[in-house]
*Asks:* 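Attaching a single structure in structure tokens format; questions to follow.
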Amino acid sequence: MQKTKLKRKKYEPIGYKYKVKRSSAGLGLFADEDIPKGVGIVEYVGRELEKGEEYTITSQYLFEITSRRTIDGVARSNTARYINHSCRPNCEVEIHKGRVYVLSRRNIKAGEELSYDYGREFWKEYIKPKGCQCVKCLEKSMK
Ligand SMILES: [Zn+2]
């Protein structure tokens, strides 16, 4: 039998540099050096909501970790909040041991804007009404 080793993902960010800059959709987070595929770039952090708070809070930075745990990443100290949505993203978000990590899903070049897919519900509610500013949708609207 062939031995196959499961390649473990590196969730915790190991120090790839990024910076906040102006982008097509307001501020965005950009790679400040080349970032390889499959590494943690930044953790999405926030205050944990109290029970029932998810029904009244209006933050657009909520992240549901489990059905019972949601965090609000609205604080500016949560650098990951600057990552914009894209329908053709170069990052993805994964929950690992109750924490939220943004990982590269392909090789990313220095200067590229980081993005991940916010998910269908968020897109329909908040992004579609304003018009999605991601590369994929802008290309489509040019045709
Ligand atoms: Zn789009």
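Both ligands and their constituent atoms are indexed starting at 1 by order of listing.
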*Asks:* With His85 as reference, evaluate Tyr118, Tyr126, Tyr116 under the ring-ring contact (aromatic ring centres under 6.0 Å, His included) test and give the passing residue.
*Replies:* Tyr118

*Asks:* Do Tyr44 and Val93 have side chains that get closer than 4.5 Å, going by heavy atoms?
*Replies:* no

*Asks:* Do Gln133 and Asn84 come close enough that some side-chain heavy atom pair is under 4.5 Å?
*Replies:* no

*Asks:* Between Arg81 (side chain) and Val74 (backbone), is there a donor-acceptor pair under 3.5 Å?
*Replies:* yes

*Asks:* How about Asp117 and Trp123: do any of their side-chain heavy atoms sit closer than 4.5 Å?
*Replies:* no

*Asks:* Could you tell me if the side chain of Pro36 sits less than 4.5 Å from the side chain of Asn107, heavy atoms only?
*Replies:* yes

*Asks:* Under 2.8 Å from the Zn ion (ligand 1), which protein N, O or S atoms do you find? Ignore water molecules.
*Replies:* Cys87 SG, Cys132 SG, Cys134 SG, Cys137 SG

